[in-house]
Amino acid sequence: MRTIHALLLADLASELPMAVRQQRLVETLRLHFRCGAVALLQLDGHGELLRPIAVDGLVNEALGRRFVIKEHPRLAAILQRREVTCFHHDSGLSDPYDGLLIERTGQPLHVHDCMGVGLDLEGQRFGVLTLDALTIGTFDVAAQRELAQLLPLIEAAVRVSRLESALRASHHSGAVAAERSPKGEEGEILGHSEAMSRLLNELQVVADSELPVLLLGETGVGKEMFAHRLHRLSRRGARALVHVNCAALPESLAESELFGHVRGAFSGAVSDRPGRFEAAEGGTLLLDEVGELPLAIQAKLLRVLQNGEIQRLGTDRPRKVDVRVIAATNRNLREQVAEGNFRADLYHRLSVYPIPIPPLRDRGNDVLLLAGRFLELNRARLGLRSLRLSTGAEEALRRYRWPGNVRELEHVISRAALKALSRGAKRSDIVTLEADLLDLDDAAPLSSAEEAKPSKPNERQLPLREAVEACERACIRTALERHDGNWARAAKGLGMDASNLHKLARRLGMKLTA
């Protein structure tokens, strides 16, 4: 008991980034209680769901999941009490982490013992801490008493991490790993990769300006979500964000839709009607797929950007509007200009601040976070006890090039879940999605032993960086299996410092932090 107190106090006295402090907390607790997994979860979405912010002992995609409280009675019970809550192996309440503990046998593992406690910060319920074990009787009366005695130090560690993060944010704008919308789960942007950190930081900087922004990116990268984030972070965030799909505007109606019309302007115009620009007064107008606008409308749009004036169809009287424009496209507008399909002057007006959104294939292990999100959504939608990925499926997701980006990933996970049920999986089982259910071309998984082998001349050659990372993952997995999942002994066996092994594993997506 004295040892863990000393460790937690030492961490409190150290200056650590928020994610590192929270990760050290769950790792220390897991080692002390000798359990399978520890998770720190924060209330989100107006108190309707719990979001993991640090985990140890759970699979890679666990941090991407969002646990709706009403769907998980154990989490709900822990939240409702201030005391430590324990669930033994014969509890009739399903555990949210069934099948999510790191595998050592190649089979999904059932949680046999669970205890947790609600966490309060500044008199408000912050979230919960959960501990899960594969061995019956791990959390006896003594263990529950210890967790209760450690609660003040655990809450202090979380409080300090949040304060340090707030102080850093007050000195310089920084990216966050996951940005929540006021609606909680809906519209959340997930990503820990360097590419996403740079993007979120850039959005933070430009959001509060009045500059037009041009979002560039392939189909399915989530341009609309990033536009919503820009609007929420801007000084116009409390006003309307009006979305216009330019590709869906018929040329004959485009002018009326954007700028409005007066009575009698055309057959069927029986009254005056404001357009989308007037609807966005004081707020933001998102012109999605702006490259599809007809040339005639482009000229009128240019006038709005230059003078801040619109003219309803059927009248010569201009109207002033106060609207910020965000445009989005998956087209190369420079090429469109060269081909005469897009006005050069409008392009320069719209692209005052262009922001490219990285494709999913350039976001590293973000694919697993996003997969976790879609797995939990499909688990709830299909009424499954548990839905998870096999190790081979994880590798397949990492290797695939994702031409359809995040949208394609969502469809792949949804389709695979339905296929698993159609092939006989029971809703009361831990349903594991194998690589073959994903139907990903050129993404056949390799075993740990095969990962380290060089490819033959007639085999597809991995890029050097991917091959090196695959070899590193294989070595770490082998060391962990040899030392029963103990990271410290695995590091010693590999001839590494334990902290460096943890850093390497996180970079490889084997251990993730929020």
Side-chain angles (χ1 to χ4, degrees), residues 179-183 186-189 196 199-200 202-251 253-260 273-294 297-306 308-310 319-333 336 342-343 346-359 405-407:
E179 185 271 334
R180 273 78 60 202
S181 74
K183 296 181 181 179
E186 183 182 351
E188 181 182 3
I189 295 173
M196 282 297 293
L199 173 59
L200 293 176
E202 191 169 17
L203 291 173
Q204 182 84 25
V205 171
V206 76
D208 203 38
S209 74
E210 290 295 290
L211 297 176
V213 173
L214 179 62
L215 298 175
L216 304 167
E218 299 173 6
T219 298
V221 295
K223 294 186 288 293
E224 185 178 350
M225 288 181 64
F226 289 102
H228 278 265
R229 176 178 169 82
L230 267 172
H231 172 70
R232 284 196 301 271
L233 293 176
S234 76
R235 65 192 68 178
R236 299 172 180 265
R239 306 299 293 271
L241 170 64
V242 177
H243 178 226
V244 179
N245 184 352
C246 299
L249 286 178
E251 185 169 357
L253 298 177
E255 183 175 358
S256 171
E257 281 293 315
L258 289 174
F259 311 116
R273 181 180 179 276
R276 303 292 182 89
F277 268 92
E278 288 179 82
E281 175 65 29
T284 305
L285 184 71
L286 169 59
L287 297 175
D288 200 5
E289 302 301 341
V290 70
E292 307 297 329
L293 278 178
I297 304 302
Q298 291 179 27
K300 296 179 182 295
L301 177 59
L302 177 65
R303 184 174 64 183
V304 179
L305 294 175
Q306 288 175 329
E309 292 181 346
I310 64 165
R319 294 170 178 261
K320 281 284 185 183
V321 288
D322 174 24
V323 175
R324 184 189 191 179
V325 172
I326 298 174
T329 183
N330 62 356
R331 289 180 174 269
N332 187 324
L333 291 188
Q336 294 282 94
F342 203 85
R343 293 179 62 106
L346 177 59
Y347 168 69
H348 293 301
R349 281 283 179 178
L350 289 174
S351 62
V352 173
Y353 201 99
I355 298 180
I357 298 173
N405 292 291
V406 179
R407 187 180 300 138

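Since we're looking at a predicted model, the values are computed, not measured.
When side chains are defined from C-beta on, R229 counts as touching L200, because their heavy atoms get closer than 4.5 Å. Contact annotation: the side chain of K223 never approaches that of L286 to less than 4.5 Å [non-hydrogen atoms, C-beta and beyond]. V325 is listed as a side-chain neighbour of F277, based on a closest heavy-atom distance under 4.5 Å.
Nearest heavy-atom pair, A207 versus S234, reported as atom, atom and distance to 0.1 Å: O-CB, 3.1 Å. Heavy-atom minimum distance, S351 versus L214: CB-CD2, 3.7 Å. Closest approach of P356 to P354, counting heavy atoms only: CD-O, 3.9 Å. A pairwise comparison of heavy atoms in I326 and A227 identifies CD1-O, 4.0 Å as the closest pair. When every heavy atom of F259 is checked against every heavy atom of I297, the shortest pair comes out as CE1-CG2, 4.4 Å. Closest non-hydrogen pair, E281 versus V321, comes out as OE1-CA, 3.4 Å.
Around CZ of R239, the count of heavy atoms belonging to other residues, nucleotides or ligands within 6.0 Å does not exceed 12.
Taking R343 as the reference, D345 meet the salt bridge (Lys or Arg N to Asp or Glu O under 4.0 Å) condition, with sequence neighbours excluded. A search for side-chain hydrogen bond (donor to acceptor under 3.5 Å, both in side chains) contacts involving H228 returns nothing, not counting sequence neighbours. Looking at residues two or more places apart in sequence or on another chain, you find no salt bridge (Lys or Arg N to Asp or Glu O under 4.0 Å) involving R303. Under the side-chain hydrogen bond (donor to acceptor under 3.5 Å, both in side chains) criterion, E251 pairs with no residue at all, not counting sequence neighbours. Applying the salt bridge (Lys or Arg N to Asp or Glu O under 4.0 Å) test to R349 and every residue at least two apart in sequence or in another chain returns nothing. Partners of N245 by side-chain hydrogen bond (donor to acceptor under 3.5 Å, both in side chains), not counting sequence neighbours: none found. Contacts of Q306 classified as side-chain hydrogen bond (donor to acceptor under 3.5 Å, both in side chains), with partners at least two apart in sequence or in another chain: none. Annotation: ring-ring contact (aromatic ring centres under 6.0 Å, His included) contacts of F342 (sequence neighbours excluded): none. The side chain to side chain contact (heavy atoms under 4.5 Å, CB included) search around V206 returns S209, V213, L230, R324, Y353, I355, not counting sequence neighbours. Residues passing the salt bridge (Lys or Arg N to Asp or Glu O under 4.0 Å) test with R276 are E257, sequence neighbours excluded.
Distance CG/L287 to CG/L249: 9.0 Å, rounded to 0.5 Å. Note that the NZ atom of K300 and the CG atom of L305 stand 14.0 Å from one another [nearest 0.5 Å]. Distance check: L346 CG to L301 CG gives 5.0 Å after rounding to the nearest 0.5 Å. Distance check, rounded to the nearest 0.5 Å: CG of L253 to CG of L258 gives 10.5 Å. Rounding to the nearest 0.5 Å places OH of Y347 at 13.5 Å from CD of Q298. Taking OG1 of T219 as the start and CG of N405 as the end, the distance is 8.0 Å to the nearest 0.5 Å.
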task: Start with the C-alpha gap between V221 and V406, add the side-chain angles, then the distance that decides, and say whether side-chain contact (heavy atoms from CB on, under 4.5 Å) holds.
output: CA-CA 6 Å; V221 295; V406 179; 5.8 Å; no
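Using a cut-off of 4.0 Å between Lys/Arg side-chain N and Asp/Glu carboxylate O, R236 and E210 are scored as salt-bridged.
Here the side chain of R232 pairs no donor or acceptor atom with the backbone of G237 at under 3.5 angstrom.
The side-chain contact (heavy atoms from CB on, under 4.5 Å) test with V323 is passed by exactly one of V304, V242, I310, L285: L285.
Pairs engaging residues 213-222 under the salt bridge (Lys or Arg N to Asp or Glu O under 4.0 Å) rule: E218-R361 [sequence neighbours left out]. Within the structure, salt bridge (Lys or Arg N to Asp or Glu O under 4.0 Å) pairs that include any residue of residues 282-292 comprise E292-R331 (at least two apart or interchain).
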